[in-house]
Amino acid sequence: MKGFNVLHPMGWDAFGLPAEQYAIDTGTHPSITTKKNINTFRRQIKMLGFSYDWDREVDTTDPAYFRWTQWIFLKLFNSYYDPSWAKAVDISLLEDALAEKPRRRSEWESSAFLASWRKAAQEAGNDPQQREAFVRKTVSDLRLAYENWVPVWWCEGCKAVLANEEVKDGKCDRKGHQNVVRRPMRQWLLRITAYADRLLEDLKLVTWSESIKEMQRNWIGRSEGAEVDFEIAEGPAAGQKLRVFTTRPDTLFGATYMVLSPEHSLVGKITASQQREAVHAYRSEAARKSELERTSLDKEKTGVFTGNYAVNPVNRDKIPIWIADYVLASYGTGAIMAVPAHDTRDFEFAQKFNLPVIQVVQPPDPKVDWHGFVDDGTSVNSTGPDVSITGLPTGEAKTKITAWLAEKGLGKKAINYKLRDWLFSRQRYWGEPIPVVHCEKCGVVAIPETALPLMLPEVTDYTPPATGEPPLAKATEWLNTVCPQCGGPAKRETNTMPQWAGSCWYYLRYMDPKNSQQGWDPAKERYWMPVDLYIGGAEHAVLHLLYSRFWHKFLFDRGYVSTTEPFTRLINQGMILGEDGQKMSKSRGNVVNPDSVIVEYGADSMRLYEMFMGPLEAMKPWNMQGVQGVYRFLQKAWRMVVNEETGRLDPAVRDAQADEETLRLLHQTIRKVGGDVETFGFNTAISAMMIFVNHLARQEVRPKSVLESFVLILAPFSPHVAEELWSRLGHNRSLAHEPWPQYDEELAREKQLELAVQVNGKVKDRIVVAAEADDESVKAVALASEKVIAALGGKTPKKVLVVKGRLVNIVV
RNA sequence: GGCCGAGUGGCGGAAUGGCAGACGCUGGGGACUUAAAAUCCCCUGCCCGCAAGGGCGUAUGGGUUCGAGUCCCAUCUCGGCCA
């Protein structure tokens, strides 16, 4: 109606566990269940009359779709991240550089990153075989999609690996299974950490709510500090370096012990024999706990002494090395220097195990206790044989000690992120197959793009083998294949992609959904991108939205998209709760089924009520009586036009001139509704339309032109009723082709205004003045009011304030 | 524990620093009807008062301002995310 070309699509992100679980339980192929559910959702959505462009419908489980998900995976597999250029680059450049191929020499010579790897390759030796092995390892280590053995959450109940975010309170968040343990497995990972800084930086380019941005910042968790090397003091590992990350290098002199995470690779080597048993027992205990349990502040601290010591580089002190589960292998280096005086967790731990606490920071306020003081202050007791930071404020102390460490080769400035690489494989059937094979001779080999889509094998048994291998391992015919590189025997990758994969790029497919030659046509991409408005639940704040941004930036680097960010504006619609104010759930029995609401009140009432309930972003409870309310409004709007007795146009509807008041209200309503739509204030837009209908329904003459304008502004909210009224008003073309009504500022203007008159801020009277009256005459009318004179009680006003169109305040 | 957000009638919620409670629901009264539903009209924040009228009110306490639901400080409660 406003003449914009709007792409308003709908699609289905349909890979995932529920359909697979159902398949395991019933033997029904997940694609059948998925199709059935899609059909139900589509029917319900169509019933509500949303004007989605169904020609653009996508389904992430459709081979014509996931072919391109797999294609993006291959692009990731065939790229490395070049920090000196801060972008992803085709892996062939790395290969050429390491092999010193003349091809693209000037290109690879200009990368400092490639230069350092070339140097490493030269140092690997001159033996061609050694050299080749080094190149091969380096190339596979630097890919953006890579394999690694990682301790992952293994759910005994699901027989599947869970992502960190699927484990809540040490339980499986999907099915509530209790038996979740850490276990190392071969996994695929995507190097999202390479993009950490850009994902952080570019948040300033998008119009999202501050809270969502903040969640992403916290999730990425960038912190600046230093890496410091301590030396192992005793045993066979003596002299080896134990690296820690700390955000507080200024507190190094207060380090009284060290803590390794139980999983740390050095634990075995450094543990003294008399402590071996205790350490082993503690490690297996820790494997069962979730990070939440382990790092919770109110939890009683636990830990075991390894029997070994480390040397503090700043003062040569020998300090004991412990292991404790409050240190996580996945954060920093998996080891910390403990400064109990100025870290809450270290302090608790030291108290419990009677470890020394040394003050090294003086709080700015001398009344504040330094025990457990974690903020900035002034360094004290921080003088060693070679360096001193005593007397320096925290900021300067950090800089000085870090510079000293770097100079002595004992450490360096470092930035650490909480963000981990994205665990990108699942041991499941119902997901996109990862398009690589494992060849005995060539290792991991990507299948050629022309062989995509790589289909899932048809199977009858969806249960995973108890070995922990994915279900696809059972499909032997599919599994055994030939290597695309050497033609020898090879096995297909049996892991599938996680549910997030398909939804990472679906917005791009909407722009060109039927293209069989490419994922999307670059010209169409340039025309439509970026997504102007993205509406979704806040539950996607960190995962989907971060993954999607990561893929988009990667595609940008490789030249496949033209924008650095995919979603310009993001709005999080609030959740609708059940009538009891609780989250809707089958078990609570408070679920509202749209089908039955539509049968009783119609689709327009359902739509209108959802918009009228309150602000779009707020969480709000459903209320059937509220539906009844908007239903009444629609009925009234209907009767304003159609006579219920005759079923024809009401006699009050005439080709008449509208009176001044009606016309004014109409133009005010058009203005209000139009403005509210821009700001997503649907609830107040509907309220304005209610006021309009309440007025017009009372009129004995209802000018047809006024009704027509009203029906047009009602249409986006209540399309079915509006179309029908439009037709009853004598039109035989859909109103969707009509222009949005314009309002006339002059006609919308009030001619007379009622102003409040306050004496010392309290309302004493109301006066009516002409809208264009100047301040002086308004003042005069206000001061002439009897009630005002009475309230003044003979006193002379000190000041009289006139607020245009609002009120007069008389100060005495 | 940290970060973010929010606290307004019986309920959902309105309110560019300018008349708090728009609009809707609920409840009450009335009209129409044999009756009911639907519809229409009136009332509906709390307290005092027969009334006219007055007082108090946006979680709590303070502050800025002619004027604060709105801005600032502190506290409490709830929600979300993280640990």
Side-chain angles (χ1 to χ4, degrees), chain A residues 164-165 168 209-221 290-299 326 328 331 343-345 348 372 374-375 418-419 537-543 572 574-577 579 581 583 605 608-615 617-636 639 644-645 669 672 675-676 679 681-694 697-698 753-767 787 790-791 797-812:
Chain A
N164 276 337
E165 45 273 12
K168 291 259 160 75
S209 73
E210 222 15 74
S211 69
I212 297 276
K213 287 194 195 181
E214 192 59 25
M215 278 188 226
Q216 293 221 343
R217 284 186 206 112
N218 289 339
W219 193 266
I220 295 166
S290 74
E291 296 194 359
L292 184 82
E293 268 181 282
R294 287 174 50 163
T295 55
S296 167
L297 276 173
D298 40 275
K299 190 207 75 164
Y326 77 94
L328 300 175
Y331 184 77
D343 180 278
T344 315
R345 277 190 277 256
E348 278 176 40
V374 298
D375 296 325
K418 270 197 288 206
L419 184 69
E539 69 273 19
H540 291 131
V542 277
L543 303 177
N572 300 114
M575 204 192 323
I576 309 253
L577 305 171
E579 293 211 73
K583 198 168 161 177
S605 296
L608 210 56
Y609 176 60
E610 292 220 335
M611 287 187 276
F612 185 60
M613 288 170 89
E617 309 202 50
M619 200 186 263
K620 44 215 178 249
W622 186 267
N623 177 358
M624 249 343 156
Q625 259 143 359
V627 184
Q628 180 81 40
V630 294
Y631 176 70
R632 278 205 276 262
F633 159 69
L634 285 176
Q635 297 275 354
K636 198 165 181 174
R639 287 194 309 270
E644 287 210 292
E645 306 271 301
T669 307
K672 174 77 177 151
D676 281 352
T679 57
F682 302 128
N683 52 335
T684 47
I686 292 166
S687 145
M689 290 191 282
M690 285 172 168
I691 292 169
F692 176 81
V693 168
N694 286 343
R698 263 194 286 260
L753 298 172
E754 194 190 65
L755 306 183
V757 182
Q758 298 179 331
V759 174
N760 284 341
K762 291 207 182 278
V763 180
K764 292 296 172 186
D765 198 7
R766 284 158 226 281
I767 55 172
K787 286 180 187 166
K798 257 193 271 179
K799 199 169 10 164
V800 181
L801 286 115
V802 179
V803 183
K804 262 240 168 302
R806 297 286 185 173
L807 52 66
V808 181
N809 191 10
I810 300 163
V811 187
V812 291

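We name chains A, B, ... by the order of the sequence lines, and we start the count at 1 in each one. Values below: all heavy atoms of this structure, side chains included; hydrogens, waters and symmetry mates excluded.
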So A:Lys636, base contact, sugar-phosphate only, or nothing? Heavy-atom distance under 4.0 Å. sugar-phosphate

Taking B:rG49 as the reference, what is the distance to B:rG62 when you measure between their P atoms (whole Å, please)? 29 Å

Donor-acceptor check, side chain of A:Gln758 to backbone of A:Leu807, threshold 3.5 angstrom: yes or no? no

On RNA chain B, more 5' by nearest nucleotide between A:Gln635 and A:Ile212 is A:Ile212

Nearest to the side chain of A:Thr684, which nucleotide is it out of B:rC25, B:rA14, B:rC4? B:rA14

Here's a test of your reading of the structure: between A:Met613 and A:Ala538, which maps to the more 5' nucleotide of RNA chain B? A:Met613

In B:rG9, glycosidic geometry as syn within 90° of 0 or anti otherwise: syn

When the P atoms of B:rG61 and B:rG53 are compared, how many Å lie between them, rounded to an integer? 31 Å

Look at the side-chain N and O atoms of A:Asn694 and state whether any lies under 4.0 Å from the OP1 or OP2 oxygen of B:rG24. yes

When you check the side-chain N and O atoms of A:Asn809 and A:Lys799, is any donor under 3.5 Å from an acceptor? no

Looking only at atom P, what distance separates B:rA83 and B:rG17, rounded to whole Å? 37 Å

What contact category does A:Met619 fall into here, base, sugar-phosphate, or nothing, at under 4.0 angstrom with non-hydrogen atoms? sugar-phosphate

Any side-chain N or O of A:Lys762 less than 4.0 Å from the OP1 or OP2 oxygen of B:rG67? no

Whole-Å gap separating C1' (B:rA83) and CG (A:Asp343): 13 Å

Distance between P atoms of B:rC32 and B:rA51 (Å, rounded): 28 Å

Selected nucleotide, minimal atom distance to A:Asn809 side chain, candidates B:rC23, B:rA15, B:rG18: B:rG18

Nearest-Å distance once atom P is located in both B:rG27 and B:rA38: 11 Å

Answer with base, sugar-phosphate or nothing: what part of the nucleic acid does A:Asn683 contact at a heavy-atom distance below 4.0 Å? sugar-phosphate

So, the side chain of A:Tyr609 versus the backbone of A:Tyr631: is there a donor-acceptor pair under 3.5 Å, distance only? no

For a quick check of understanding: with a heavy-atom distance under 4.0 Å over all strands, which category does A:Arg632 fall into, base, sugar-phosphate or nothing? sugar-phosphate

Looking only at side-chain atoms of A:Val811, point me to the closest of B:rG18, B:rA14, B:rC66. B:rC66

Are any of the side-chain nitrogens in A:Arg345 or A:Glu348 under 4.0 Å away from the carboxylate oxygens of its partner? no

Proximal nucleotide (of B:rG24, B:rA14, B:rC66) relative to the A:Lys799 side chain: B:rC66

Could you give the CG-to-C1' distance, from A:Asp676 to B:rA14, as a whole number of Å? 11 Å

Give me the distance, rounded to whole Å, that separates B:rG57 from B:rA20 when you measure between the C1' atoms they each carry. 9 Å

Using the P atoms only, state how far B:rU58 lies from B:rU8, rounded to an integer number of Å. 11 Å

Rounded interatomic separation in angstrom, taking CD from A:Glu644 and P from B:rA37: 17 Å

Are any of A:Asn218's side-chain N or O atoms less than 4.0 Å away from OP1 or OP2 of B:rC4? no

Nearest-Å distance once atom P is located in both B:rG63 and B:rG55: 22 Å

Closest to the A:Leu801 side chain, choosing from B:rC3, B:rC25, B:rC66: B:rC66

What contact category does A:Ser687 fall into here, base, sugar-phosphate, or nothing, at under 4.0 angstrom with non-hydrogen atoms? base

